[in-house]
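Note sheet for the following structure.
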Amino acid sequence: MAMRLDKFLTELGIGTRTEVKKYIKAKLVTVNGTVANKPECKINENTDVVTYKGKTLQYQAFEYYLFHKPSGCVSATEDLIHQTVMDYLTDTIRKDLFPVGRLDLDTEGLLLITNDGVLAHELLSPAKHVKKTYYAKIEGTVTKEDVNLFKEGVDIGEEKFTKPAELEILSSGEESEVLLTITEGKFHQVKRMFHAVGKEVTYLKRISMGPLTLPADLEPGAYRKLTEEELASLKTVALKEVS
Ligand code: URA
């Protein structure tokens, strides 16, 4: 299908219409090996080879990345002080990617990065109850009583108590290790839940979100594209009807 070159570049997230026109003027774009000079020229997005700054562009409306967020980077697209998750995504030139939800500066683990706003919105919708599992180290002895309290919901200073959460104790002592599964995403939720029962989180890592699991071989700071299976199961969860 024929498509305007500037529209093609914009849809790939290279920049706004105005920006991509500037890039074309600056001779940064080629079509089938020839420098493009007209934003309005028509291309076939499936057969023509378009490059931007020397990189061949694959027409794809949406991209999905599974990122292992390290501690010390912020879950935002811009920050004046810290590195952002976007600084790690060096293989893509899209400018419209964003992290789905937030992890605290010191939290590690699974973070989905995409430009699919509809999917992101659905995954974050409280009505969808998407499960998020965290591994945490806790200062203090986590007990069966905490398991029951978390199952019932605790007061973290919001209007309502937290929704039922599943707490599994991996080890219990002066420092405890746990897995906690929640279906909400309130600000600092896990830390506030433990604080509510008199304990403090000293280390936090998200190991799963809905059907996505952090791969054991994905180092902190590394990322990879979602597999087709992962994307299909994510869409099933995100787009399912809720009553
Ligand atoms: N809960 C927290 O307290 N922090 C996170 O980063 C995620 C969940």
Side-chain angles (χ1 to χ4, degrees), residues 65-79 81-89 97-114 119-142 146-147 149-170 175-215 218-223 234 237-238:
Y65 296 96
L66 199 154
F67 176 55
H68 187 162
K69 178 192 171 302
S71 170
C73 93
V74 288
S75 307
T77 50
E78 282 174 26
D79 193 89
I81 302 165
H82 299 103
Q83 282 209 298
T84 74
V85 294
M86 305 319 299
D87 293 327
Y88 288 86
L89 263 77
L97 293 161
F98 58 88
V100 178
R102 282 169 180 263
L103 292 176
D104 296 338
L105 184 67
D106 59 350
T107 301
E108 298 181 356
L110 189 155
L111 195 60
L112 174 67
I113 296 177
T114 184
L119 186 89
H121 180 80
E122 293 300 325
L123 286 172
L124 296 175
S125 156
K128 288 278 156 63
H129 306 292
V130 175
K131 286 187 177 181
K132 281 142 295 209
T133 301
Y134 294 85
Y135 163 82
K137 286 186 185 163
I138 309 296
E139 197 180 283
T141 310
V142 179
D146 297 324
V147 174
L149 285 170
F150 280 12
K151 204 182 277 172
E152 279 158 26
V154 289
D155 184 359
I156 57 167
E158 299 274 333
E159 215 174 288
K160 289 183 180 163
F161 279 26
T162 53
K163 294 241 164 64
E166 222 177 283
L167 177 60
E168 187 187 334
I169 302 172
L170 300 175
E175 182 188 71
S176 306
E177 284 178 285
V178 298
L179 291 177
L180 177 64
T181 303
I182 59 175
T183 59
E184 303 167 281
K186 300 244 160 62
F187 185 60
H188 294 333
Q189 178 149 350
V190 175
K191 292 173 185 166
R192 286 160 75 198
M193 286 175 75
F194 279 99
H195 192 74
V197 295
K199 281 139 218 174
E200 298 302 326
V201 171
T202 55
Y203 174 81
L204 190 60
K205 177 180 186 173
R206 181 154 69 190
I207 56 171
S208 75
M209 177 177 173
L212 302 180
T213 304
L214 187 68
L218 197 68
E219 298 292 320
Y223 64 94
L234 199 61
V237 169

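First listed ligand is number 1; within each ligand, the first listed atom is number 1.
- Thr181 and Thr133 form a side-chain donor-acceptor contact under 3.5 Å, judged by distance and modelled atom types alone.
- Within a 6.0 Å radius of NZ in Lys131, no more than 12 heavy atoms belonging to other residues, nucleotides or ligands are found.
- Atom numbering of ligand 1 starts at 1 in the shown order; those under 4.0 Å from a heavy atom of Tyr134 are 7 (C), 8 (C).
- Of the possible donor and acceptor atoms, one in the side chain of Ser75 sits under 3.5 Å from a partner among the backbone N and O of Leu103.
- Taking only nitrogen or oxygen atoms, main chain and side chain alike, His188 reaches within less than 3.5 Å of ligand 1.
- If you number the atoms of ligand 1 from 1 as listed, the ones under 4.0 Å from a heavy atom of Thr107 come out as 4 (N), 5 (C), 6 (O).
- With hydrogens and angles ignored, the 3.5 Å screen pairs a side-chain donor or acceptor of Ser176 with a backbone N or O of Gly140.
- In Val190, the parts holding a heavy atom less than 4.0 Å from any atom of ligand 1 are both the side chain and the backbone.
- The pair Glu175-Lys137 does not meet the salt-bridge criterion, since no charged nitrogen lies less than 4.0 angstrom from a carboxylate oxygen.
- Glu108 and Tyr203 share a donor-acceptor pair across their side chains, judged by distance under 3.5 Å alone.
- When only interatomic distances are considered, the shortest N/O to N/O separation between Arg192 and ligand 1 does not fall below 3.5 Å.
- Nearest to atom 4 (N) of ligand 1 among the protein's heavy atoms is Asp104 OD2, 2.7 Å.
- Contacts between Leu204 and ligand 1 below 4.0 angstrom, taking non-hydrogen atoms only, involve the side chain exclusively.
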